[in-house]
Every structure is written in C-alpha cells, then in structure tokens.
Amino acid sequence: MQAFTSHDGVVAALDRANVDTDQIIPKQFLKRIERTGFGQFLFYDWRFLADGSPNADFELNQPAAAGATILLARRNFGCGSSREHAPWALADYGFRAVIAPTFADIFYSNCFSNGILPIRLNEEDVAELFHRAAAATASEAGQYRLQIDLAGCSLQDTDGFARSFEVEPFRQRCLLEGLDNIALSLRHTDAIDRWEAAHGMPPVAAD
Amino acid sequence: MPGPRTLLDKIWDDHVVCTPEGENSLLYIDRHLVHEVTSPQAFEGLRLAGRKVRRPEATFATPDHNVPTTDRRLPIADAISKQQIDTLRENCRQFGVRLFDLGDADQGIVHVIGPELGITQPGMTIVCGDSHTATHGALGALAFGIGTSEVEHVLATQTLRQAKPKSLEVRVEGSLPEGVTAKDLVLYLIGQLSTEGGTGYVIEYTGDTIRSLGMEQRMTVCNMSIEAGARAGMIAPDAITFDYLRGRDFAPADFEAAVARWQQLPSDPGAVYDRVEVYRAADVVPQVTWGTNPAQVIGVDAAVPAPTDFADPNDQSSGERALAYMGLEAGTRIVDIPLDRVFIGSCTNSRIEDLRAAARVVQGYQVAKHLHAMVVPGSGRVKRQAEAEGLDKVFTAAGFEWREAGCSMCLGMNPDTLSPGQRCASTSNRNFEGRQGKGGRTHLVSPAMAAAAAVSGHFVDIREWQYR
C-alpha cells in the first residue's frame with residue numbers, strides 16, 4: 001500500500017453533505033474486475049453531462065480544483081454502499097486526503113486500505129476551510145492549498161489556519177509505513193490456529 | 001467475574017483472537033459471503049501474493065448484483081458483466097469455495113440465501129463485501145459489510161482487524177398499527193436517527209415490538225441499519241429464531257445443543273449500552289421517502305416538506321438538492337405523486353412474506369395503465385415457493401413481470417434500470433441520486449405500499465386499501 005507521511009496539495013471544495021458512494025462511483029462502473037483505472041469515472045454523473053461533455057458547474061471541473069489532491073466536503077461523506085471502488089476512484093483521480101466533519105464507517109476504513117487519509121475536523125473548522133477556499137479562489141492565487149502532516153496529526157495553510165486531528169494510532173502507523181495489513185496479520189497465525197482449536201475446529205490443511 | 005454483557009459484548013469477546021500491543025484486535029470471522037462485484041480484486045490479490053483461502057468451508061459465494069433476471073438459459077448479453085460472473089466462477093473453482101452459481105436452484109441475493117440455507121446462525125461473526133450484510137444480524141449474529149481489501153484479508157486469514165464498535169440500543173415499544181410493516185418501522189427509525197445517527201455503533205434492536213416481529217421482518221429491520229450509518233444491526237435470538245433455523249440445510253447437526261448455546265446470547269439484565277434510544281410503535285405510519293437519502297422520509301398521510309422546515313443547514317441544503325433532483329414541490333401531498341415504475345425486490349424486501357403481502361394487495365386488481373411493475377424474488381427458493389402458492393399468477397395476471405432472482409433494480413447494475421426522469425416506488429433500501437438508473441427517482445416503501453401504488457398509479461395509504 002502507498003504510504004502517507006506528509007502532503008501539500010490543492011483543495012477541491014465540494015460543498016455537499018451525505019455524499020454517498022453511489023455518487024463517488026456510479027454502479028455502471030463496478031463491472032470491471034481490476035483495481036485500477038476508476039479515476040476517469042469519479043463522480044461521473046455529476047462531472048459529466050448526458051452527452052458526455054464535462055459539467056462546467058460541477059466543483060471538480062472548475063479551475064480552482066485543477067490538480068486537486070485534497071477533497072473538502074460536509075458531513076457523512078462516503079455513506080451508503082461498501083464499494084471500495086469509491087476510494088479506488090478517488091486515489092486514481094489523484095486525491096490523497098479527504099476532510100469532512102464525519103465519514104461513514106465502511107468508507108473510512110476503506111480509505112486506509114488505499115493510502116488515502118480521511119481527516120475529521122469539527123463543523124466550524126470545516127466551515128472555516130470552505131470560507132478560506134472560496135476566498136483563495138476569488139483571489140489572485142485562484143486556488144487553496146493545505147499542508148498535512150500525518151506523523152504530527154496536523155494540518156495548516158500558509159495564512160494562519162492550523163489544526164490538529166485525531167487518527168487511531170494503529171491506523172496511523174499502518175498508513176505512515178504503508179504496511180501490508182495481511183502480512184501483518186499473518187504474523188499472528190499461531191493465535192488464529194489456537195482460536196480455531198479452542199473452538200473445536202480441525203486444523204487448516206498444510207501447504 | 002465479568003459484569004452483565006450485551007449481545008455484542010458476548011459475540012465480540014468470543015471472537016477476539018488476539019490484541020497485539022499497539023494494534024487493533026484480530027476478530028475471528030465465522031462466515032464469509034462473497035459475490036461477483038466486490039471479490040475479483042481480492043482473489044487477484046491472493047494470487048499475486050501466492051496466498052490461499054484459509055477456510056474455504058467458511059466461505060460461500062453467489063452471483064447476485066450483476067446478473068440478468070430474465071431468461072437464464074440465454075447467454076449474458078453484456079460482455080463485461082459476463083466476465084465478472086465468469087471470474088467469480090473461476091475464483092471459486094481455483095480456491096475451493098462453495099458457489100451457488102447461476103442455474104443453481106439455491107442461487108439468490110447473498111443476504112437472502114445466507115439465512116435461508118441456515119449458513120447464518122446466532123452468535124456468529126459474518127462479513128460480506130456489501131453494506132447490507134447487517135441483514136444477518138436479525139438472527140443474533142454480528143454481521144457487517146466490508147471493503148474489498150478486507151475481503152482479501154478475511155480470505156487469507158479468516159480474521160479482520162477491528163476496534164470494538166460502540167453499542168446503541170434502539171428500543172421500540174408497543175404494537176405496530178394495522179397496515180404498518182417492518183419496512184415502515186425501519187424507515188421511520190432512520191428518519192429519527194438520521195443517515196449518520198448510527199455511525200460508529202452497532203445497533204441492537206430491542207423491545208416488545210421487535211420481539212413480536214417474524215424472522216423475515218426482523219431481517220428487513222436489520223438490513224437497513226447501514227442507512228442510519230450503523231455498520232451492523234442485531235436482534236437477540238429467541239424461539240422465533242430457533243424455529244426458523246431448525247431443519248435448514250446448513251443448520252448444526254446437533255441442533256438442540258446449539259440452541260442451548262444460543263440461549264446464552266441475549267444481553268444480560270443490567271447490561272449497559274453506550275447509548276439508548278426509545279421509540280413508540282404507535283407513532284409509526286406507512287412511510288414514503290421523498291428525497292435522495294433514506295432519512296428523507298415521511299408518512300404517506302403527509303406532504304413533501306420544504307427545506308425551510310429543517311433547522312440544520314446541512315438538512316436544508318440536502319433537502320433543496322433532493323427536491324430539485326426528485327422533481328417535487330414542497331407541499332405536494334404524498335398520495336398525489338404519480339408513478340411510472342414499481343419494483344418489488346432487493347435484500348430488504350424480496351422474501352416470501354414480502355411477496356405474500358404484495359400479492360394480497362394486488363389480488364383481483366390490475367396494474368395502472370402506463371405503469372411498469374416487476375417482482376424480483378430474492379432467491380431461487382423464494383421463487384419456487386411463491387410459484388407453489390400461486391403468487392406468480394396473481395402478479396402476472398395483474399400485469400406485473402415475474403423475474404429470476406437477483407439484486408436487479410435495487411442498484412441497476414444489470415439491465416433493470418430506470419430511465420432519466422422515471423419515478424419509481426421501490427421496496428429496496430436506497431433512494432440515492434441515480435441509484436436505480438441515471439436520472440431515475442426512487443421512493444422507498446413497503447411491499448404492500450408498492451403493490452397498492454402499482455395498482456393505483458400513485459401512492460395510496462395502505463391502511464385504506466380495499467382488499468379483494
């Protein structure tokens with residue numbers, strides 16, 4: 001898995017609550033059997049008009065979001081379907097972090113499996129970030145950037161906004177080191193064997 | 001001596017394999033259900049790493065999300081869909097996983113066949129790469145949806161990394177009024193809890209209302225826990241659970257010994273939940289969603305709300321977007337909303353009791369002119385049972401299409417989709433934008449409400465239905 005240590009990137013502000021994974025990656029793109037190549041379908045029904053041309057009104061299609069790697073959204077981001085195609089699409093498009101007041105549980109877990117850092121900030125701070133993003137967009141800069149440091153659990157802009165955030169220490173470590181979760185768990189095979197034996201199960205077949 | 005424990009505590013404690021220093025617990029997984037859409041990348045991951053499935057006998061697969069519901073003797077027209085289903089078949093063969101394939105008499109929606117075959121049992125941990133896995137919690141299991149990376153983890157290790165979730169008791173007291181079903185109850189609860197009220201929690205549904213529900217109704221309730229944000233919902237096992245499981249294909253050989261164990265599972269008196277919410281069954285009326293998330297729901301006797309009716313700014317902006325997408329105006333009476341389509345099916349409402357309830361409404365009536373209605377049974381077994389009871393004849397005589405088992409228009413991955421602008425009364429679980437087809441407008445209802453709407457061409461209050 002791709003490690004996440006620190007990141008400096010452009011923020012795309014998606015001012016919507018309850019963005020569900022059906023919007024992040026619509027079902028017609030779940031037929032593929034690969035993990036890659038989903039970025040082109042990210043937010044497909046919002047990003048593209050019926051004739052397949054880009055929807056200029058959609059936030060990600062605006063100049064302020066060009067090259068964005070940090071997504072900013074409102075409450076309950078990633079709700080609904082468990083499809084990991086959602087973080088696959090976000091990562092493939094180029095996003096490394098998502099900031100929102102709250103995330104749905106399954107999506108939140110799926111992010112960590114794919115090197116994406118989901119950051120929870122309180123609603124006031126998220127509102128402040130939307131405000132700053134809008135102001136930066138209207139200014140000469142044209143874009144808003146944030147700097148994220150996972151080791152220190154902090155994020156900041158260059159204009160005085162600085163906050164810390166919380167991540168479960170185990171998940172933080174896995175992401176910082178880009179650990180293979182399965183390899184990590186297989187180190188505890190003896191404990192799994194013992195659990196199965198204690199529950200009356202026959203041993204697994206040897207290789 | 002441990003203090004009083006909840007159902008969740010007991011299942012959790014029994015399944016913790018180890019909690020290594022500085023790491024989350026490894027939780028043992030008893031049953032792993034697999035379908036074609038969220039598993040190919042997991043099997044491919046195993047192959048690339050040279051890993052095998054640790055417990056193939058604990059793993060069960062069926063294609064359901066992306067299968068045609070029309071004539072199964074015909075080849076699958078969509079080449080990419082066919083490849084996904086072929087891939088599941090090949091993966092199951094290579095890794096030794098039991099597959100209920102297309103054409104198998106027991107194929108069906110994964111959350112319908114698990115309980116139906118007795119694969120789902122009280123006290124188990126059950127996972128599947130699907131958010132409606134909570135369905136299995138109706139039998140007193142801890143069951144939840146996972147991502148594909150976690151699917152691969154479970155295949156390889158038969159465990160999952162988990163931090164223990166918090167517990168939320170949702171207690172419902174009193175009798176449900178006449179005409180009000182489990183679907184109405186769970187939609188009402190989601191409306192009360194909000195789409196994220198259960199985030200971070202496992203819900204245990206308790207109270208005499210819940211205890212009085214049959215097994216399939218309990219599945220409907222637990223099924224939609226995720227729509228309130230809860231990864232799992234569960235109901236303590238009781239005589240209804242044991243009677244349901246007795247004699248099923250994968251039920252334990254020594255069934256009475258298993259029952260004796262299962263009787264120890266219900267939460268102890270005095271067990272403490274992290275949070276408790278209490279509701280009255282008498283407050284629930286037949287429900288209809290008006291928006292684009294399942295918490296945007298209201299009684300059939302009400303009108304479409306205005307965004308300004310909500311205090312929270314997020315709810316206001318979501319409501320505004322939802323009305324625009326749904327093509328609805330605030331103040332429109334729910335019963336005045338005309339419909340183009342009716343879908344009866346999905347892991348929420350495609351079991352035999354659901355089909356019986358819908359057929360009872362339809363009996364002696366015709367589907368409204370210009371309306372297209374279909375029934376998609378949840379499994380091959382449900383379909384055969386319905387046909388044995390003549391329900392298929394009731395539906396087809398009324399003008400419904402009678403299909404083969406699958407997820408179908410709940411998510412519209414297969415050819416069963418809404419066209420842009422079409423409005424559908426659906427017994428499924430999600431009314432998200434585009435869920436049933438790009439531009440499609442979904443209203444979630446119970447099977448009886450969907451059936452009555454199909455006949456009437458618009459929503460009607462099922463409590464006033466003239467049964468024939």
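Letters go in sequence order (proteins before strands), and every chain restarts at 1. None of these values were measured; they are calculated from a predicted model.
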With a 4.5 angstrom heavy-atom cut-off, could you sort out which part of [X] is near chain B: side chain, backbone, both or neither?
{"X": "A:D190", "answer": "neither"}
{"X": "A:A198", "answer": "neither"}
{"X": "A:D180", "answer": "side chain"}
{"X": "A:P101", "answer": "neither"}
{"X": "A:S81", "answer": "both"}

Report task. Using the salt bridge (charged side-chain N to carboxylate O under 4.0 Å, His left out) rule, take A:E166 and A:R120 through it: C-alpha gap first, then chi angles, then the decisive distance, then the call. Result -> CA-CA 7 Å; A:E166 287 183 16; A:R120 294 190 191 107; over 6 Å; no
Is [X] in contact with chain A via its backbone, its side chain, both, or neither, using a 4.5 Å heavy-atom distance?
{"X": "B:R435", "result": "both"}
{"X": "B:I85", "result": "neither"}
{"X": "B:Q162", "result": "neither"}
{"X": "B:A163", "result": "side chain"}
{"X": "B:N414", "result": "neither"}
{"X": "B:R54", "result": "both"}
{"X": "B:T157", "result": "both"}
{"X": "B:H15", "result": "both"}
{"X": "B:Y28", "result": "side chain"}
{"X": "B:N293", "result": "side chain"}
{"X": "B:T148", "result": "both"}

**Report entry** Charged tip of A:R163 within 45° of A:F161 ring normal and under 6.0 Å
**Finding:**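 Output yes; distance and angle both within limits.
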Query raised in the report: Does NZ or CZ of A:R16 fall inside the cone over A:W46's six-membered ring, less than 6.0 Å from its centre and within 45° of the axis?
Result: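 Yes, a cation-pi geometry holds between A:R16 and A:W46.
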Under 4.5 Å, counting heavy-atom pairs only, tell me which of [options] racks up the most with chain B.
{"options": "A:L30, A:N114, A:T189, A:N181", "value": "A:L30"}
{"options": "A:Q28, A:R35, A:R173", "value": "A:R35"}
{"options": "A:Q23, A:R74, A:M1, A:R187", "value": "A:Q23"}
{"options": "A:N110, A:D45, A:L186, A:L184", "value": "A:D45"}
{"options": "A:F103, A:W88, A:F107", "value": "A:W88"}
{"options": "A:E34, A:R171, A:R83", "value": "A:E34"}

Counting distance only, does the side-chain N/O of [X] pair as donor-acceptor with the main-chain N or O of [Y] below 3.5 Å?
{"X": "B:T159", "Y": "B:L26", "value": "no"}
{"X": "A:R96", "Y": "A:I70", "value": "no"}
{"X": "A:D20", "Y": "A:C79", "value": "no"}

Query raised in the report: Is B:R89 paired with B:E36 through a side-chain N to carboxylate O contact shorter than 4.0 Å?
Result: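 No, this pair does not count.
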Query raised in the report: Would you call B:D86-B:K82 a salt bridge at under 4.0 Å N-O?
Result: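 Salt bridge present between B:D86 and B:K82.
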Requested in this report: Would you check, one step at a time, whether the test salt bridge (charged side-chain N to carboxylate O under 4.0 Å, His left out) holds for B:R161 with B:E150?
Outcome: CA-CA 9 Å; B:R161 288 278 182 184; B:E150 292 173 311; over 6 Å; no
Requested in this report: Evaluate whether atom NE2 of A:H131 has more than 12 neighbouring non-hydrogen atoms of other residues, nucleotides or ligands under 6.0 angstrom away.
Outcome: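 Atom NE2 in A:H131 is not crowded, with 12 or fewer foreign heavy atoms closer than 6.0 Å.
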**Report entry** B:I80 atom CD1: more than 12 heavy-atom contacts under 6.0 Å
**Finding:**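 Result for CD1/B:I80: open.
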Query raised in the report: So do B:N24 and A:E168 actually touch side chain to side chain, heavy atoms under 4.5 Å?
Result: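 A:E168 vs B:N24: side chains touch.
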Which of the residues [options] is involved in the greatest number of heavy-atom pairs with chain A at under 4.5 angstrom?
{"options": "B:I226, B:V151, B:T133, B:N66", "value": "B:N66"}
{"options": "B:E44, B:R51, B:H65, B:E57", "value": "B:R51"}
{"options": "B:G434, B:S131, B:P40, B:G412", "value": "B:S131"}

Query - Sub-6.0 Å ring centroid separation between A:F38 and A:H85 - result: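 Yes, ring centres under 6.0 Å apart.
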Query - Donor-acceptor side-chain pairing of B:Q436 and B:N431 below 3.5 angstrom - result: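 No pair is found: no donor N or O on one side chain lies under 3.5 Å from an acceptor on the other.
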Query raised in the report: Stepwise, does the salt bridge (charged side-chain N to carboxylate O under 4.0 Å, His left out) test hold for A:E196 with B:R55?
Result: CA-CA 11 Å; A:E196 289 178 338; B:R55 287 277 175 189; 2.8 Å; yes
